[in-house]
Amino acid sequence: MARRRYWLMKSEPDVFGWDDLLACPDRTECWDGVRNYQARNLLRDEIRVGDGVLFYHSRTKEPSVVGTARVVRNGYPDPTQFDPKEKYYDPKSDPENPRWFAVDVQAERPMKTTLSLKEMRAMPELEGMCLLRKGMRLSVQPVEPEQWKVIAGPGKLGPKL
DNA sequence: GCCAACGTTGGC
DNA sequence: GCCAACGTTGGC
């Protein structure tokens, strides 16, 4: 069994945020709509059931990590790419060889107190973190175990949902 | 295969 | 809402 790995996923609370995830059946939702090849590769090849996810709110007043989630389904073809009614419809994607992938995530625990981007920038332990690097706009990105521990380690999280 | 134009992301 | 930093597209 491979070691559990960690990721950070960005969401825009105006579109779909933590509260929306909690409102889903089983607190589980398909993480779809990712249209970036680098992120796609992670979703398709790297992210596995059981991995930990930092749930991050972007494009909001105080961009922050708000909770943790767990991957509950490995990468599979993103259904929205084949639906012409979908915003994320991609007519160039061949169903025989899908271009875009999604995973399912389940909300696990809220942060005891949300951790803002500003606060993270001020933490020397998080230096070099993907999220904090200039120009890093990946909506799905890796988190090192040490970084996970600092952000979501003992005492940082609220009760299991 | 270069690169200008265009679109998107996301902090501020 | 602005705009810098990227990524993608498409003409050549």
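Below, read A as the first sequence line, B as the second, and so on, with proteins coming before strands; counting in each chain starts at 1. Basis for what follows: all heavy atoms, side chains included, without hydrogens, waters or symmetry-related copies. Nothing here was measured: the structure is a model prediction, and the numbers come from that model.
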Original post:
Under a 4.5 Å cut-off applied to non-hydrogen side-chain atoms, are A/Val71 and A/Val53 in contact?
Top reply: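 Yes, side chains in contact.
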Subject >> A/Lys10 vs B/dT9: side-chain N/O to OP1/OP2 distance below 4.0 Å >> reply: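 False: A/Lys10 side-chain N/O out of range (4.0 Å or more) of B/dT9 OP1/OP2.
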Original post:
Think A/Tyr56 has a side-chain N or O under 4.0 angstrom from the OP1 or OP2 of B/dG11?
Top reply: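 A/Tyr56 to B/dG11 OP1/OP2: side-chain N or O found under 4.0 Å.
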When the distance from [atom1] of [X] to [atom2] of [N] is rounded to whole Å, what number comes out?
X: A/Lys87; N: B/dG7; atom1: NZ; atom2: C1'; result: 12 Å
X: A/Tyr37; N: C/dC6; atom1: OH; atom2: C1'; result: 16 Å
X: A/Met9; N: B/dT9; atom1: CE; atom2: P; result: 17 Å
X: A/Arg137; N: B/dG7; atom1: CZ; atom2: P; result: 16 Å
X: A/Gln141; N: B/dT9; atom1: CD; atom2: P; result: 15 Å
X: A/Gln38; N: C/dC6; atom1: CD; atom2: P; result: 12 Å
X: A/Trp100; N: C/dG7; atom1: CH2; atom2: C1'; result: 10 Å
X: A/Arg133; N: B/dT9; atom1: CZ; atom2: C1'; result: 17 Å

Original post:
Salt-bridged, A/Asp78 to A/Arg35, with N to O below 4.0 Å?
Top reply: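 Looking at A/Asp78 and A/Arg35, the cut-off is met.
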Original post:
Does the distance from a Lys or Arg side-chain N to an Asp or Glu carboxylate O, for A/Arg99 and A/Asp90, drop under 4.0 Å?
Top reply: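 So A/Arg99 pairs with A/Asp90 through a salt bridge.
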Original post:
Among B/dG11, C/dT9, C/dG7, which nucleotide sits nearest the side chain of A/Asn36?
Top reply: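 Nucleotide nearest to A/Asn36's side chain: C/dG7.
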Original post:
Considering only side-chain heavy atoms of A/Lys134, which listed nucleotide, B/dG11, C/dA5, C/dG10, is closest?
Top reply: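 Out of B/dG11, C/dA5, C/dG10, the nucleotide with an atom closest to A/Lys134's side chain is C/dA5.
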Original post:
Do A/Ser58 and A/Arg137 get their side chains close enough for a donor-acceptor pair, meaning under 3.5 Å?
Top reply: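 Note: A/Ser58 and A/Arg137 side chains miss the donor-acceptor criterion.
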